[in-house]
Structure formats: C-alpha cells, structure tokens
Amino acid sequence: MARHLITSALPYINGIKHLGNMVGSMLPADVYSRYLRQRGHEVLYICATDEHGTPAELAAKEQGIPVADFCAQAHDAQKAVYDGFALAFDYFGRSSSAENREITQHFARRLNENGFIEERAIRQVYSPVDGRFLPDRYVEGTCPHCGYDKARGDQCENCTRVLDPTDLINPRSAISGSTDLEIRETKHLFLLQSKLENEVREWVSKHDKDWPQLASSIAHKWLTEGLHDRAITRDLDWGVPVPADTWPELAAEGKVFYVWFDAPIEYIGATKEWADAAPDGETRDWKSWWYDVDTDVRYTEFMAKDNVPFHTVMFPATELGVREPWKKVDFVKAFNWLTYYGGKFSTSQKRGVFTDQALDILPADYWRYFLIANAPESDDSSFTWEHFTATVNKDLADTLGNFVNRVLSFSRKRFGDDVPAGGTPGEAEAKLGTEIAALLAEYESHMESLQFRKAAAALRALWSAGNSYLEEKAPWLEIKTDKDGAALTLRTAMNLIHLYSVVSEPFIPATAKTMREAFALAEDTATWVTADEAKALTAVPAGTPFTVPPVLFAKLTDEDLETYKTRFGGETTA
C-alpha cells in the first residue's frame with residue numbers, strides 16, 4: 001500500500017475561520033484521512049497556521065500586542081476550534097517555526113544557485129505618513145478588474161485576480177488610511193518563474209487526466225496567461241528573514257520572504273516539526289515523506305479555488321527550481337466556494353457563520369455532516385439556515401438517529417438488555433445484506449475518488465436501507481405473532497447500527513463512537529467492514545449486552561431556525 005501524505009491549505013492566523021474555509025480544505029482532508037486510516041493505509045495529515053505577512057502584523061497592531069505574541073495566541077485559539085471539530089491532524093504546526101525558516105532559506109539559496117532568483121530594483125508604494133514602504137497587503141483600493149473597493153494590493157478577494165499595489169485605483173494605506181502615497185525605488189528578490197514556465201507546463205500536463213477539472217483548468221489558465229517573475233521579499237518586521245550569508249545588503253535592510261513563498265514550504269516545515277516533536281523513544285523520519293519518494297508516497301492537497309494557483313503553479317515552480325527531488329503533489333482536490341445566502345463568507349468582513357460560533361450552537365457532527373454532504377465540489381453551494389435545518393432533521397435526526405433509538409429502545413423494552421437471538425435469517429435478511437454490501441461498495445468508490453457529496457449520499461442510502469428493512473419487517477407488529485422473528489429483525493438492525501458506527505466514522509466521529517459503545521463487545525477491533533461482513537451482519541452476536549444512548553441528534557425546531565436567522569441574518573448581499 002502507498003503511504004498517503006495529506007495537506008490542507010494553511011489557515012491565515014488573523015482570526016477564527018468561517019464555515020466556507022472549513023469545508024474548502026481542512027474538513028474534507030480530515031474525512032479522507034480518517035477513511036484511509038480505517039482502510040489500513042499509513043497516513044500523515046499535516047496542516048499549520050500561516051503566520052507571516054501583513055494579516056498577522058495588522059491584526060497584532062489592532063490588538064496592541066507584539067506580533068509574535070498575537071500569533072502564539074491565535075494559533076492556540078484556532079487549534080482549539082479544530083479540536084472541537086475533531087480534525088485529526090497528525091501535526092498542526094506554525095509557519096513561524098524554526099524548521100520552516102531553515103527549509104525556506106535552504107530553498108531560496110538553492111534557487112539562487114540555480115539561477116532562478118534575481119535581485120531587482122523596483123518602484124514601490126511608500127507612505128510618508130507611516131514612514132515606511134507598504135507591502136502589497138498594506139495597500140487597499142479599488143480592483144481595476146471588477147471594481148471591488150476593498151481589494152488588497154496582492155489579490156482581489158472578490159474576483160481572485162492577483163494584483164500589484166500599483167494596479168489599484170484610489171489606493172490608500174491599510175495602516176493609517178492615508179492616500180498620500182508615493183512611489184519610491186527599493187530592491188527585492190524575484191523568483192524567475194518565466195524561466196521555469198515550460199517545466200511547470202509539462203508537469204501540469206501530466207496530471208490533466210488525474211486532477212479535477214477545477215484544479216486543472218485554473219492551472220492551465222495561469223499558464224496560458226504566462227508566468228511572470230514575481231517578488232518573493234517584502235518590507236516587514238515579521239517573516240522568514242532573507243539569509244545574510246547570501247544577500248547581506250537585503251538582510252541588513254530587514255527584508256523577509258513574502259508569505260506566498262514560505263507558506264507552501266511550511267507543509268515540509270510542519271512535517272519536520274512533527275518529527276522534531278516526537279516523544280522520547282520514538283523516531284520520526286520527516287524526509288521519508290518528502291525527499292526522493294515519488295513512487296512511495298501519494299500526496300493529496302485540499303484547498304479552495306483561490307489557493308489553486310499557488311499550489312499548482314507557483315509552489316511546483318519553486319520545487320522544480322531547487323533541482324532537488326522534493327515530493328510534488330499527485331492530486332489536488334479543489335473546491336468552489338460555500339456562500340452564505342448567495343454572498344461570500346468573509347473573515348475580514350465578518351460575514352457568515354464562523355467555526356467557533358458553529359460549535360457554540362451545536363456539536364461538531366451536525367456541521368461535519370452538513371458541510372461534507374453539501375461540499376462545493378462542482379460549483380459554489382449556498383448555506384442557508386433553512387437548508388441546514390432540513391438536512392439535520394431529515395438525515396441525522398430522522399434517518400439515522402431515530403433508527404438507532406427506536407431499535408434499541410424497543411428491543412430493551414421487549415427483550416431486555418442483551419441482543420436477542422431470534423430465528424434464522426431469511427429472504428429479507430439476505431436481500432438486505434446484498435443491498436448493504438452494494439451500497440458500501442458505492443460509498444467506498446466515492447471516497448476513493450474523493451467525491452464527497454456522492455459519498456455522503458451513499459452513506460445516507462446505507463442509513464435509509466436500515467429504515468426500509470425495519471418498516472418492511474415491522475417488529476412492533478411481528479412480535480405479536482412471531483417473537484423469534486421480531487428478535488431476528490432487531491438483532492439484524494442492531495448489526496446495522498454497528499456497521500453504521502464503523503463506516504460513518506469519517507463523517508461523524510463522535511456519533512460513530514457513541515453508536516459503537518452501545519454494544520459491550522468483548523473485542524471490537526474492526527476498522528472497516530468487508531462485503532462478506534456486510535452481507536452476513538453478524539458482528540454483534542446474540543447475548544451481547546447493550547445500552548440505549550442518549551438522543552444522537554436533536555431535531556431543530558422552527559423556533560431554532562428563527563433564532564439562528566435573527567442572530568446571523570437570513571440573507572446577505574453578494
């Protein structure tokens with residue numbers, strides 16, 4: 001079996017992220033990682049906070065604390081939310097780590113040695129009021145392409161076009177708001193992407209048949225427009241410093257690497273952090289995942305579409321340019337956007353539901369299931385409270401939760417605290433087993449191909465099959481004339497509950513654990529269910545003690561819906 005290296009786009013350090021950020025990167029990566037682990041694969045799921053660049057400096061300035069302190073606090077706050085969502089990272093690092101600094105500087109030196117970095121004098125925005133050159137994100141203005149009036153100097157949040165500060169109409173300082181800006185000359189390092197364009201194009205073309213259309217089309221769009229040499233340094237106090245042994249003059253001026261250069265390298269840096277954090281007596285070889293391992297490791301990246309250019313073009317160009325055998329991505333799982341009533345979720349504008357707020361309202365499994373079942377894979381998808389409430393009530397409360405509760409409650413009432421024996425499985429059980437095995441195979445196929453909405457539909461169909469079986473057999477009627485038959489029906493249904501507890505774990509891990517722990521099995525080490533086991537449905541034998549867990553999913557009421565809409569708004573403006 002191949003080892004699986006999985007990364008999700010690094011969340012910016014400046015504040016708790018919204019649901020769109022969660023479903024566009026970290027959550028599907030977690031679902032996939034959990035599934036692969038259950039199927040017996042060796043998995044390393046790496047993520048980190050992206051701590052450099054102007055967002056960190058501006059947020060720290062707003063709070064009046066040193067940027068290093070702000071980043072440390074914000075990292076812990078974000079990690080707490082991700083723990084609340086049960087994201088099972090193998091390591092959640094920090095791009096400000098010593099490991100990332102070391103590897104980023106190594107990449108820069110190698111690129112320079114190979115002729116792919118050049119020092120250039122450029123004209124840059126300078127603010128006399130602030131007394132400093134303004135890096136791109138310190139300049140705001142109107143996007144020349146779409147007219148969005150809060151575009152940043154590096155990228156327009158509205159249309160995603162990459163910009164330079166001088167492209168903006170009516171630019172202003174993000175620090176002071178001053179429009180008294182000048183253009184002065186300063187020196188920066190440029191990555192000569194133009195010299196690497198043909199190599200990147202050839203590399204991307206090799207993945208045309210493998211990558212989703214969204215990822216492939218964005219990569220080719222950038223290549224069609226042509227790769228331009230781009231500055232990889234900035235005038236900031238916070239970032240990976242330019243190494244003085246290679247560029248002494250720029251180092252003396254306090255230049256640091258631009259966040260888009262060092263952030264992707266943090267995938268490697270965080271893996272080294274993971275290795276360096278190994279407990280006493282354990283050795284972790286971080287290079288075995290990243291260096292000269294093309295045939296051994298399958299690398300999958302998860303990200304929203306605005307991050308695709310950096311991961312399919314810019315970072316691969318960096319990796320190609322160092323002329324060392326660093327692992328490159330095999331599969332890019334790109335997502336469109338989750339909108340809030342048709343408008344964009346926005347961290348900077350605090351529009352939409354944020355992940356910490358979500359956990360204050362309901363447990364993580366409600367959100368995990370809804371988000372993955374409605375993941376914006378083929379197109380943007382819209383979050384509405386009406387849709388959320390309907391999904392929770394129909395799929396989670398009625399289809400799964402009610403099935404579990406009524407099976408266990410009825411069996412306890414009529415047969416006691418042990419799984420009843422009943423008669424021999426018959427035609428209905430054989431039909432059910434065949435159906436469950438087929439649906440399980442469908443579910444596995446969609447998970448293997450990273451089609452999350454289809455996987456959720458297959459999982460929902462598995463849950464529905466149990467309800468259909470129960471309605472067909474009607475043990476509450478069957479018990480009046482055939483007690484053994486009713487016992488068989490309930491035992492079969494309990495085995496379905498156990499099967500659900502295993503295969504639902506990637507989506508709803510806490511609920512899956514509750515379902516599994518309802519049965520006091522002497523040994524329950526199953527990590528997955530085979531087709532034969534699905535057909536037989538005998539994992540929970542007669543005589544096994546069981547308990548009735550609390551209600552798995554509470555139905556949401558009209559009053560709940562109105563409360564949520566009042567708190568967060570029932571509509572938004574695009």
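All of these numbers come straight from a predicted model, not from anything done at the bench. We're numbering straight along the sequence, starting at 1.
Ser216 places no side-chain N or O within 3.5 Å of a backbone atom of Pro212 that could act as its donor or acceptor partner. No donor-acceptor pair under 3.5 Å is formed between the side chain of Arg94 and the backbone N or O of Asn100. Side-chain atoms of Lys17 never come within 3.5 Å of backbone atoms of Pro11 as a donor-acceptor pair (strictly under, hydrogens ignored). Glu57 places no side-chain N or O within donor-acceptor distance of the main-chain N or O of Leu236, the cut-off being under 3.5 Å. At least one donor-acceptor pair closer than 3.5 Å links the side chain of Glu377 to the backbone N or O of Arg453. Of the possible donor and acceptor atoms, none in the side chain of Ser95 sits under 3.5 Å from a partner among the backbone N and O of Glu266. The backbone N or O of Asn21 sits less than 3.5 Å from a side-chain atom of Ser25, completing a donor-acceptor pair. The main-chain N or O of His220 is found under 3.5 Å from a side-chain atom of Thr224 such that the two form a donor-acceptor pair. A donor-acceptor contact shorter than 3.5 Å is absent between the side chain of Asn158 and the backbone of Tyr148. A donor-acceptor contact shorter than 3.5 Å links the side chain of Asn114 to the backbone of Gly321.
Ion pairing between a basic and an acidic side chain is recognised when a charged N comes within 4.0 Å of a carboxylate O; Glu324 and Arg110 show such pairing. Taking the charged nitrogens against the carboxylate oxygens, Arg39 and Glu444 do have a contact shorter than 4.0 Å, which makes a salt bridge. Under 4.0 Å is where a charged nitrogen must lie from a carboxylate oxygen, and between Lys221 and Glu225 at least one such pair does. The residues Arg152 and Glu140 are annotated as not salt-bridged, no charged nitrogen and carboxylate oxygen being separated by less than 4.0 angstrom. Classification of Glu199 and Arg201 as a salt-bridged pair fails, no side-chain N sitting under 4.0 Å from a carboxylate O.
When each of Val125, Asp167, Asp154 is tested with Asp136 by the rule side-chain contact (heavy atoms from CB on, under 4.5 Å), just one qualifies, namely Asp154. The side-chain contact (heavy atoms from CB on, under 4.5 Å) test with Glu42 is passed by exactly one of Arg3, Arg37, His4: Arg3. The side-chain contact (heavy atoms from CB on, under 4.5 Å) test with Ile6 singles out one residue from Leu44, Asp90, Leu36, and that residue is Leu36. When Glu119, Gln124, Glu253, Arg120 are each tested for a side chain to side chain donor-acceptor pair (under 3.5 Å) with His188, only one passes: Gln124.
Between Trp326 and Tyr291, a ring centre-to-centre spacing shorter than 6.0 Å is recorded. Aromatic ring centroids of Phe133 and Tyr138 lie 6.0 Å or more apart. Checked against the 6.0 Å centroid threshold, Tyr267 and Trp290 do not count as a close aromatic pair. Aromatic rings of Tyr82 and Phe92 (six-membered ring for Trp) have centroids within the 6.0 Å cut-off, being under it.
Residue Pro144 comes nearest to Leu163 through the heavy atom pair CD-CD2, 4.2 Å, listed as atom of the first residue, atom of the second, then distance. When all heavy atoms of Leu450 and Phe331 are compared, the pair lying nearest together is CD2-CE2, 3.9 Å. Scanning both residues, Val67 and Ala60, for their nearest heavy atoms gives CA-CB, 3.6 Å. Considering all non-hydrogen atoms of both residues, Ala456 and Tyr369 come closest at O-OH, 4.3 Å. The shortest non-hydrogen separation linking Val81 to Leu359 is O-CD1, 3.7 Å. Gly141 and Leu168 make their closest contact through N-CD1, 3.7 Å (heavy atoms, listed as atom of the first residue, atom of the second, distance).
Side-chain contact annotation: Tyr12 with Glu51, donor-acceptor N/O pair under 3.5 Å absent. Side-chain polar atoms of Thr7 and Tyr45 form no donor-acceptor pair below 3.5 angstrom. Side chains of Ser194 and Asp229: a donor-acceptor N/O pair is present below 3.5 angstrom, by distance only.
Separating the NE2 atom in His18 from the CE atom in Met22 is a distance of 11.0 Å, to the nearest 0.5 Å. Summarising the geometry, atom NE2 belonging to His207 is positioned 6.5 Å from atom CG belonging to Asp330; distances are rounded to the nearest 0.5 Å. Expressed to the nearest 0.5 Å, how far CG of Leu134 lies from OH of Tyr126 amounts to 9.0 Å. Summarising the geometry, atom CD1 belonging to Ile265 is positioned 10.5 Å from atom CD belonging to Gln105; distances are rounded to the nearest 0.5 Å. Rounded to the nearest 0.5 angstrom, Thr300 OG1 and Lys333 NZ are separated by 11.0 Å. Atom CG of Leu320 and atom CD of Gln193 lie 11.0 Å apart (nearest 0.5 Å).
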*Give the C-alpha distance, both sets of side-chain angles, the deciding distance and a yes or no for side chain to side chain contact (heavy atoms under 4.5 Å, CB included) between Ile122 and Lys187.*
CA-CA 6 Å; Ile122 66 168; Lys187 290 182 179 180; over 6 Å; no
*asked:* If you apply the rule salt bridge (charged side-chain N to carboxylate O under 4.0 Å, His left out), what do you find for Glu157 with Lys150, and how did you get there?
replied: CA-CA 8 Å; Glu157 184 185 49; Lys150 295 181 178 62; over 6 Å; no
*Start with the C-alpha distance between Tyr35 and Glu448, add both sets of side-chain angles, then the distance that settles side-chain hydrogen bond (donor to acceptor under 3.5 Å, both in side chains), and finish with yes or no.*
CA-CA 9 Å; Tyr35 170 77; Glu448 297 286 347; 2.9 Å; yes
*Assess whether side-chain hydrogen bond (donor to acceptor under 3.5 Å, both in side chains) is satisfied between Gln38 and Thr527, documenting all intermediate values.*
CA-CA 5 Å; Gln38 285 188 263; Thr527 59; over 6 Å; no
*I would like to know whether Phe370 and Phe383 meet ring-ring contact (aromatic ring centres under 6.0 Å, His included); could you show each step before the answer?*
CA-CA 10 Å; Phe370 173 83; Phe383 177 92; 5.6 Å; yes
*Starting from the C-alpha separation in whole Å, work towards a yes-or-no answer on salt bridge (charged side-chain N to carboxylate O under 4.0 Å, His left out) for Glu282 and Arg284.*
CA-CA 7 Å; Glu282 179 181 342; Arg284 296 172 177 172; 2.9 Å; yes
*asked:* For a salt bridge (charged side-chain N to carboxylate O under 4.0 Å, His left out) check, start with the C-alpha distance between Lys255 and Asp235, then their side-chain angles and the critical distance, and finish with the verdict.
replied: CA-CA 5 Å; Lys255 307 284 187 184; Asp235 296 283; 2.7 Å; yes
*Would Ser173 and Asp130 count as a side-chain hydrogen bond (donor to acceptor under 3.5 Å, both in side chains) if you check the C-alpha gap in whole Å, the side-chain angles of each, and the deciding distance to 0.1 Å?*
CA-CA 8 Å; Ser173 167; Asp130 299 308; 2.7 Å; yes
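Residues Phe335 and Met303 form no side-chain contact, since every pair of their non-hydrogen atoms from C-beta on lies 4.5 Å or further apart.
Between Phe257 and Trp247, the two ring planes are perpendicular [angle over 60°; tilted spans 30° to 60°].
For Arg368 and Phe507, the positive end is not near the middle of the six-membered ring at less than 6.0 Å and at most 45° from its axis. Lys305 forms a cation-pi arrangement with Trp337, by the criterion of a distance under 6.0 Å to the ring centre and an angle within 45° of the ring axis. Remark: Lys454 fails to qualify as a cation-pi partner of Phe452 under the 6.0 Å distance and 45° angle criteria applied to the six-membered ring.
Atom NZ of Lys61 has 12 or fewer neighbouring heavy atoms from other residues, nucleotides or ligands inside a 6.0 Å radius.
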